[in-house]
2 protein chains.
Amino acid sequence: MTDVAERLRAAGLRATRPRLAVTEALRAMGGHHTADEVHAHLVEHGTPLPRTSVYNALVTLSELGVVLRADVGPGAAVYEFAETWHHHFVCRRCGRVSDVSCLVGAKPCLTAGQDVGRVDEAQVIFRGICHDCLRTTGTTPGGRTTP
Amino acid sequence: MTDVAERLRAAGLRATRPRLAVTEALRAMGGHHTADEVHAHLVEHGTPLPRTSVYNALVTLSELGVVLRADVGPGAAVYEFAETWHHHFVCRRCGRVSDVSCLVGAKPCLTAGQDVGRVDEAQVIFRGICHDCLRTTGTTPGGRTTP
DNA sequence: TGAGTTATTTGGACAATATCCAAGTTACAC
DNA sequence: GTGTAACTTGGATATTGTCCAAATAACTCA
């Protein structure tokens, strides 16, 4: 939190209430969450913010690298409080997102192997069927991101 | 086209007008396009389809592997006619998407390195600044840690 | 070739997600 | 403290994607 405030200032940005509140919410919740889930958490915990402010803060914080955004497909992007760089596995059946640790742990962990420009990040999305869904084969198509 | 019709039938699906039209549109356009861009192209070329049909077709075709969907971030997913499996580079400044060839060329080209379930695909999104934007350097977006 | 069966399309409405903007507020420098 | 730019706020709006039930058309088999 103080740490994040310092990182913001070091980047020439201000340590504002929404930015700190969103950071703290993601840290408290743990795991992967949509902007709306963050918003709901804040409302429930006495720190209501406009939805727009949550979006703004998430954009700033991901640019700063304090939170990580995973683009897991159509629908809402999910965010998480990020200590180290890592990747994600998305279950095709239940939609659950889980972390896949990155061997390198820093960005960029892969290079493009061809000259496209300056690469500063390589995000990997693994897709397939998770353990739970492999066990309970057949049902539960319409899952959600689990808290 | 006929090829695609056969692939559809081989998978127990029907070779319907929307599916073939969407495939043909993507092939004709080349590159990466959103569902709405495909829809617009079809309207302009005398093959109007309802927006919903375009979405439906794109889902089916990506499941079949005839087209490739790239989840490049918030906003619309982009699709392309896909000959071989590959990855994508997204410019942070202009948003342009370009192909990054995959050394393996088949799915999955990476493994998770840990036991998350059954992985059938690994999609890599590279991010950075493309050549064109590096040349016409403007203001550096604030707060990015340089590698 | 033609009729039956069933996957698929269609179109309208809707839900979910994200952005824009202009006025107000606040964090930070001095 | 005070000034000033950065940031927030909230409402409106744009964008993106999904749902549904009736209508259509692709394929099967005689």
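A donor-acceptor pair is defined here as one N or O able to donate and one able to accept, closer than 3.5 Å; no such pair exists between the side chain of B:Thr47 and the backbone of B:Val43. Proximity of a side-chain donor or acceptor of B:His87 to a complementary backbone N or O of B:Val124 within less than 3.5 Å is detected. For B:Arg14 (side chain) and B:Arg9 (main-chain N/O), no donor-acceptor pair under 3.5 Å exists by modelled atom type. Side chain of A:Ser62 to main chain of A:Leu58: a donor-acceptor pair is present (N/O by atom type, distance under 3.5 Å, no hydrogens or angles).
When the P atom of C:dC28 is taken as reference, atom CD of A:Glu6 falls 11 Å away, rounded to whole Å. Between the CG atom of B:Leu49 and the C1' atom of C:dT10 there is a distance of 10 Å, given to the nearest Å. Spacing between atom CG of A:Leu8 and atom C1' of D:dA5 amounts to 17 Å, rounded to whole angstrom units. Note: CZ (B:Arg69) to C1' (D:dT16) measures 13 Å, nearest angstrom. For A:His33 and C:dT17, the NE2 to P distance is 15 Å, given to the nearest whole Å. Taking atom CG of residue A:Asp36 and atom C1' of nucleotide D:dT16, one finds them 15 Å apart after rounding to whole Å. Here C:dA16 presents its P atom at 15 Å from NE2 of A:His39, a figure rounded to the nearest Å.
Residues B:Leu110 and A:Phe126 come closest through the heavy atom pair O-CE2, 3.8 Å.
Toward the 5' end of DNA chain C, the nearer of the two residues B:Pro50 and B:Arg19, judged by each one's closest nucleotide, is B:Arg19.
Remark on the helix from C:dT1-D:dA30 to C:dC30-D:dG1: inter-end axis angle 50°, axes from five-pair C1' superpositions, rounded to 10°.
A:Ala77 comes within 4.0 angstrom of sugar-phosphate atoms only, judged by non-hydrogen atoms across all strands, and of no base.
Using a 4.0 Å cut-off between charged side-chain N and carboxylate O, A:Glu63 and B:Arg92 make no salt bridge. Ionic pairing of A:Asp132 and A:Arg93 is not present here: no N-O contact between side-chain nitrogen and carboxylate oxygen is shorter than 4.0 angstrom.
Not counting sequence neighbours, the partners of A:Asp71 by the salt bridge (charged side-chain N to carboxylate O under 4.0 Å, His left out) test are A:Arg69, B:Arg127.
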Dump the intermediate steps for ring-ring contact (aromatic ring centres under 6.0 Å, His included) on A:His41 and A:His33, then the final yes or no. CA-CA 10 Å; A:His41 175 96; A:His33 300 278; 8.1 Å; no
Could you write nucleotides 18-30 of chain D as a row of B, S and -, 5' to 3', where a protein heavy atom under 4.0 Å of any base atom gives B, of only sugar-phosphate atoms gives S, and otherwise -? BB-----BBS---
